[in-house]
Amino acid sequence: MVCNINLNERLKHHFGFDSFKGEQESIIRNLLEGKDTFVLMPTGGGKSLCYQLPSLIMEGTAIVVSPLIALMKNQVDVINGLSEVPGVAHYLNSSLNKAAIQQVCSDVQRGVTKLLYVAPESLNKEDNLEFFRSFKISFYAVDEAHCISEWGHDFRPEYRNIRPTIAKIGNAPVIALTATATDKVRMDIKKSLGIMDATEFRSSFNRPNLYYEVRPKTKDIDKQIIKLIKQHHGKSGIIYCISRKKVEELAAVLKANDIKAAPYHAGLDSATRSQTQDDFLMERIDIIVATIAFGMGIDKPDVRFVIHYDIPKSLEGYYQETGRAGRDGGEGRCVAFYAHKDLQKLEKFMEGKPVVEQEIGRQLLIETAAYAESSVCRRKILLHYFGENYCKDNCGNCDNCLQPKQKIDGQRQLLIVLRAIEALKGNFRQDYVVDFIRGRATDEIVSHHHDAHEAFGEGEDMPLKTWNPVIRQGMIAGYVSKDVENYGVLKLTAAGRRYIKKPVEFYYVEDTDFRDEPGDLAAEGTGVLDPTLYRMLHDLRKKTAERLNLPSYVIFQDISLEQMATYYPVTVKELYDKIQGVGEGKANRYGKEFCILISKYCEENDIVRPEDMFMRTVAKDSMHKVKIIQNIDRRMSLDDIASALNMDFENLLDVLDNIVYSGTRLNIRYYLEEILDDDQIDDIYDYFRESDTDSLKVAMDELGADYEEYEIRLVRIQFLSELAN
């Protein structure tokens, strides 16, 4: 009998481990006994072993349903690397050619293959059913089982057909495994797979080694990310973005700043994705910038940080993605950037989906926003979301616990909340409850006649920001529950009813307000780090301009001086590498004196230059810019350039402005001579030479009676190219 074998010996023989982690042994024994099994285990807990080891022990071949080709390849490579016999593990999916598929079928039918990974689409494909019936199946393993549920963070409709397909192929024990599942998702998985009587194994979701932090998403986000990466120089990290476009842009910025990074998203061809994944695993690159298409099942234990450029669509997704950090038990830093307006973008993505799906998506977003904005221990919030109670008030390893806010006595506020939920008979959601408490006679409240209730408006004397944190922290304390079956309806618990009768001490902390997002002064050009140096640089620019008989803005723009006074560049190369609006030509022409001044200032004032904060930027629409510059070099008409690139002429002028203001020289005199005579060109040219500003508005006030705006803009472009760049 397989259930009587020495599992520790088999573990050592096949995997080289001396002992099991957590409940791995109990899970494996349950499966060996032919029982359906449900495994809820956090990322890094060792889920894969729970089906890999029994597959090597049991008679027949285990079918593993897995959602991603990348995941399958990684798992198959690991298992085959442990065995002396080729073909112990295979995958069957759309990436294989005909010869490879024949090899898989041969190895399976000869009994060589013990693990066969299939995509849900491959499992459900009618053409494959005859093949699946042709060999003995030891069990079915459904990995990433949360994909079954519409309430899960990565719903895959194909997963819903797994049970009907199993019935067509032939029954065998089923083991379902997931790293993230709320009670709602857990029940959905078991019901869909027909394993309601499965033995359930639930591990703690607490990952003590992970540090959680949420930062406001400001204009200097790229700079913050570069600084964070350089603080972890040479360490592996993953950065998640919502869109493929942002993935590409951010990867380009990182590479421009000497960081070994690569993009990863579903829009890249499979060969590129596979190569990038291998480069990451083999440490040829340090950073993957990815959509959520990356990471599922990736067995890289030493990922040291996971950054969310955009807040995820659900806490389940967030938990699983952050779970890819520190899987070896070592350091794992999880930083998410959050702006309230990002929620509106995510809601917009849901437009056009079925109404039920939109409603589910909104509820998941509400939970994510609550996590981001809350000042409560991040670990406590996450574990509560997954139905686990975290008893400590301070975990000591998240931003809120390391910088705790002052607690507020909230006994009266909680009583108002509990009485409101009681008055509404536990039938309404949080936003309705808050409106009721504040005495807002909305159409919905009036239609239910709740504006006539004695508890209506009981909290109208308190600020709006009071109620959401009180409700959420009341949930964590066990006084309120949220009915997920009814899209977030709030209900009183038995403890909540007792509290109404006999209130006890209750403290809460206010949420962080992300609506008033601080900007990056230096990045926005509205302030500088070192005003003394800025004044000195300003004076030097003025003297240089007077000496050369040029307007000051031709030498360097204000924003360039501000960045010099922030980052202290001391070489000409640093000037054109790091400072906005300074190209190589301008740096060589005007920069030496400025660098000498900055260097002397740093030395006299013992200033340590913030070299780690320097950031090279990557021009947006860079391919358009390259084509424009090439076509101008060929003396192509600007009208034809705009037409060839499907741009209107004004957009082309915007790009030309951007090119010359970033320090690149253009020569469009050939085009100017087509539309203006020499006297007109000289007239506008002389205006800019004598003016103390390059403002188009001021130029239009001075010259607008004689010239069109586009003519002034074109001459300004030529003027700046010749004298500034």
Side-chain angles (χ1 to χ4, degrees), residues 519-607 609-610 613-614 617 657-666 681-703 712-713 715-725:
D520 172 37
L521 295 179
E524 292 174 19
T526 56
V528 291
L529 187 67
D530 192 328
T532 303
L533 176 59
Y534 178 78
R535 285 193 295 272
M536 294 169 70
L537 292 168
H538 193 276
D539 290 344
L540 176 59
R541 181 180 67 173
K542 186 178 179 183
K543 290 176 186 173
T544 305
E546 288 172 352
R547 186 178 78 246
L548 298 174
N549 193 28
L550 290 171
S552 290
Y553 65 83
V554 169
I555 310 301
F556 290 118
Q557 292 177 275
D558 286 349
I559 191 171
S560 301
L561 295 188
E562 289 172 1
Q563 291 189 1
M564 289 181 209
T566 303
Y567 305 135
Y568 305 99
V570 295
T571 66
V572 169
K573 186 176 187 305
E574 282 183 357
L575 266 185
Y576 69 77
D577 263 358
K578 320 292 185 181
I579 303 302
Q580 188 175 332
V582 181
E584 188 171 358
K586 180 176 282 194
N588 286 325
R589 183 180 292 188
Y590 305 122
K592 189 175 179 182
E593 284 183 282
F594 289 81
C595 290
I596 291 170
L597 170 64
I598 294 167
S599 180
K600 186 178 178 184
Y601 180 83
C602 289
E603 189 177 334
E604 289 175 351
N605 293 278
D606 294 323
I607 288 170
R609 300 188 307 126
M613 289 295 288
F614 284 156
T617 57
D657 276 339
N658 193 286
I659 289 171
V660 297
Y661 275 107
S662 67
T664 301
R665 186 166 186 164
L666 296 174
I681 295 171
D682 290 344
D683 185 32
I684 301 171
Y685 204 97
D686 288 343
Y687 162 77
F688 281 111
R689 180 185 287 277
E690 293 164 11
S691 174
D692 60 359
T693 175
D694 59 346
S695 165
L696 187 63
K697 184 178 183 303
V698 174
M700 283 296 295
D701 289 342
E702 292 285 329
L703 303 168
I712 296 172
R713 287 185 74 179
V715 175
R716 185 180 67 172
I717 287 165
Q718 183 66 27
F719 172 79
L720 288 168
S721 288
E722 290 181 5
L723 294 181
N725 296 342

Exercise: identify the closest heavy-atom pair between Leu561 and Leu537:
O-CD1, 3.9 Å

All salt bridge (Lys or Arg N to Asp or Glu O under 4.0 Å) counterparts of Arg716, not counting sequence neighbours
Asp657

Going by side chain to side chain contact (heavy atoms under 4.5 Å, CB included), name the residues that satisfy it together with Arg689, two or more places apart in sequence or in a different chain.
Leu550, Tyr685, Phe719, Leu723

Under the side chain to side chain contact (heavy atoms under 4.5 Å, CB included) test, residues paired with Ser599 that sit two or more places apart:
Val570

The side chain to side chain contact (heavy atoms under 4.5 Å, CB included) partners of Leu540 (sequence neighbours excluded) come to Thr544, Glu593, Phe594, Leu597

Would you confirm whether Ser721, through its side chain, and Ile717, through its main-chain N or O, come within 3.5 Å as a donor-acceptor pair?
yes

Spacing of CZ belonging to Arg713 relative to CD belonging to Gln718, to within rounding of 0.5 Å
15.5 Å

Contact summary for Glu574 and Pro569, nearest pair of heavy atoms:
OE1-CA, 3.2 Å

Applying side-chain hydrogen bond (donor to acceptor under 3.5 Å, both in side chains), name anything that partners Tyr576, two or more places apart in sequence or on another chain.
none

Determine the minimum heavy-atom distance between Tyr601 and Ile607, stating which atoms define it.
CE2-CD1, 3.3 Å

Residues which pass side chain to side chain contact (heavy atoms under 4.5 Å, CB included) with Asp701, listed by chain and number, not counting sequence neighbours
Lys697

Heavy-atom pair with the smallest gap, counting every atom of Leu575 and Phe556:
CD1-CZ, 4.5 Å

Looking only at heavy atoms, what is the nearest atom pair of Ser552 and Lys542, with distance?
OG-CA, 4.1 Å

Quick one: list whatever passes salt bridge (Lys or Arg N to Asp or Glu O under 4.0 Å) with Asp558, sequence neighbours left out.
Arg541

Start with the C-alpha gap between Ile555 and Leu548, add the side-chain angles, then the distance that decides, and say whether side-chain contact (heavy atoms from CB on, under 4.5 Å) holds.
CA-CA 10 Å; Ile555 310 301; Leu548 298 174; 4.2 Å; yes

Over 12 non-hydrogen atoms of neighbours within 6.0 angstrom of CD in Glu546
yes

Flag side-chain contact, heavy atom, 4.5 Å: Leu720 against Tyr553
yes

Shortest non-hydrogen contact from Met564 to Leu533?
O-CD2, 4.0 Å

Let's go through Phe688 and Ile712 carefully: what are the C-alpha distance in whole Å and the side-chain angles of both, what is the deciding distance for side-chain contact (heavy atoms from CB on, under 4.5 Å) to 0.1 Å, and is it a yes or a no?
CA-CA 10 Å; Phe688 281 111; Ile712 296 172; 3.9 Å; yes

Go through Thr566 and Asp530 one step at a time and tell me if the side-chain contact (heavy atoms from CB on, under 4.5 Å) criterion holds.
CA-CA 6 Å; Thr566 303; Asp530 192 328; over 6 Å; no

Quick one: salt bridge (Lys or Arg N to Asp or Glu O under 4.0 Å) partners of Glu702, sequence neighbours excluded?
none

Under the side-chain hydrogen bond (donor to acceptor under 3.5 Å, both in side chains) test, which residues partner Asp683, sequence neighbours left out?
Tyr707

Measuring only between side-chain heavy atoms, which start at C-beta, is Pro551 closer than 4.5 Å to Val554?
yes

